[in-house]
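We count ligands from 1, going down the list as the structure has it; atoms in each ligand are counted the same way. What you see is a predicted model; the values in this text were computed from it and never measured. Scope of the values below: all heavy atoms of this structure, side chains included, with no hydrogens, waters or symmetry mates.
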Amino acid sequence: MINSYGMSDVGLVRNSNEDSYILDPEKGLFVVADGMGGAQAGETASRIAVETLSAEIHRAGNATPETLVHAVELANENIRGAAERNPAHAGMGTTVVAVLVQLPKAYIASVGDSRGYLWTHRELFCVTSDDTWVNQVGRGLGLSDEQLRKHPYRNVLTRAVGAEDRIEVKAQEIELLPGDLLLLCSDGLHSVTGEDALLEILEKPGSLQQKCEQLIAAALARGAPDNITTILVEHVGDAEAPLEDGAP
Ligand code: CA
């Protein structure tokens, strides 16, 4: 069985929220998308992404990891099609981090710099890798974390859904143990909140809703320059635990 909760906040600087997210516990689908592009294009791109993923997973019946990757490719086509039809939306795009949970497996597809983290055995692991200039070029140049944080290309994505005709979707699978937590988030959380702060919140007792609220609060306390979206998914163990002796 899984338990899940998600929330999004505009932050303290932006006027609108370009992040979109979806929780579909019945299908095991959880998605965060962080849109970009002026004139409401960012909201549109991220919304098309989550709607396309949801529609494809429902249409598939028995969704597989390939369904998830295909759905992101289809979102790419749909966003490009929408941008062609509306010149004001030209160049819009979005990140996607999508998880399909089929216990004990979780299949993850990602493009861009929204992240997935796994909290297991009281440790936090980032299970996605950012499609960013910093990650793919800057680190290879031997620049320090401090230099990368101030670099003019620090916010540049090397891939986004909707940016090009063909898209490369990174896919992986992980195994969830009872008690494990998956955190999906936009960069409005992870770029301002260090992993130590995330870990501290995740390991404290409390409901998923309380933890999501604390994650958002942590970003707000650090100035929240960007929209913040967070989803938590917990493997809560087997719903069909053996009945005690004497139970009917
Ligand atoms: Ca963002």
Side-chain angles (χ1 to χ4, degrees), residues 6-23 30-53 72 75-76 79 83 89-99 108-117 126-138 145 148-164 167 169-170 182-195 197-198 201 212-232:
M7 60 193 290
S8 189
D9 192 284
V10 69
L12 298 174
V13 174
R14 302 281 184 90
N15 292 320
S16 62
N17 194 338
E18 300 192 323
D19 290 357
S20 296
Y21 68 106
I22 193 167
L23 291 90
F30 304 92
V31 185
V32 170
D34 173 358
M36 62 212 74
Q40 278 94 53
E43 286 101 305
T44 304
S46 65
R47 186 173 40 78
I48 292 173
V50 298
E51 287 175 357
T52 304
L53 266 84
V72 179
N76 189 62
I79 290 168
H89 288 175
M92 69 177 171
T94 185
T95 73
V96 165
V97 58
V99 176
I108 303 169
S110 67
V111 176
D113 66 349
S114 293
R115 288 185 183 171
Y117 289 92
C126 184
V127 293
T128 51
S129 71
D130 296 346
D131 292 317
T132 55
W133 182 90
V134 163
N135 195 31
Q136 299 190 325
V137 181
D145 284 351
L148 290 171
R149 257 197 298 279
K150 293 178 178 161
H151 199 280
Y153 291 173
R154 64 186 178 278
N155 293 322
V156 172
L157 293 183
T158 48
R159 281 193 197 104
V161 182
E164 289 174 75
I167 189 166
V169 182
K170 293 192 301 295
L182 262 178
L183 164 66
L184 306 184
C185 62
S186 58
D187 67 334
L189 180 69
H190 68 71
S191 69
V192 297
T193 314
E195 291 188 7
L198 299 181
I201 291 167
C212 279
E213 287 167 354
Q214 288 165 9
L215 291 168
I216 301 265
L220 293 173
R222 289 162 176 81
D226 197 0
N227 310 139
I228 316 145
T229 302
T230 173
I231 292 178
L232 284 172

Q.
Are more than 12 heavy atoms, taken from residues, nucleotides or ligands other than Glu195, located less than 6.0 Å from that residue's CD atom?
A. yes
**Q.** the Ca ion (ligand 1) - name of the N/O/S atom of Asp226 that sits closest to it
**A.** OD2
Q. What N/O/S atom of Asp187 is the closest to the Ca ion (ligand 1)?
A. OD1
**Q.** Side-chain heavy atoms of Arg14 within contact of Asp226, under 4.5 Å
**A.** yes
Q: Spell out, as yes or no, whether a donor-acceptor pair under 3.5 Å connects the side chain of Thr230 to the backbone of Cys212.
A: no
Q: Using 3.0 Å as a strict upper limit, say whether an N, O or S atom of Asp34 approaches the Ca ion (ligand 1) that closely.
A: yes
Q.
Is it the case that the side chains of Thr229 and Asp19 hold a donor-acceptor pair, with the cut-off being a distance below 3.5 Å and no angle test?
A. yes
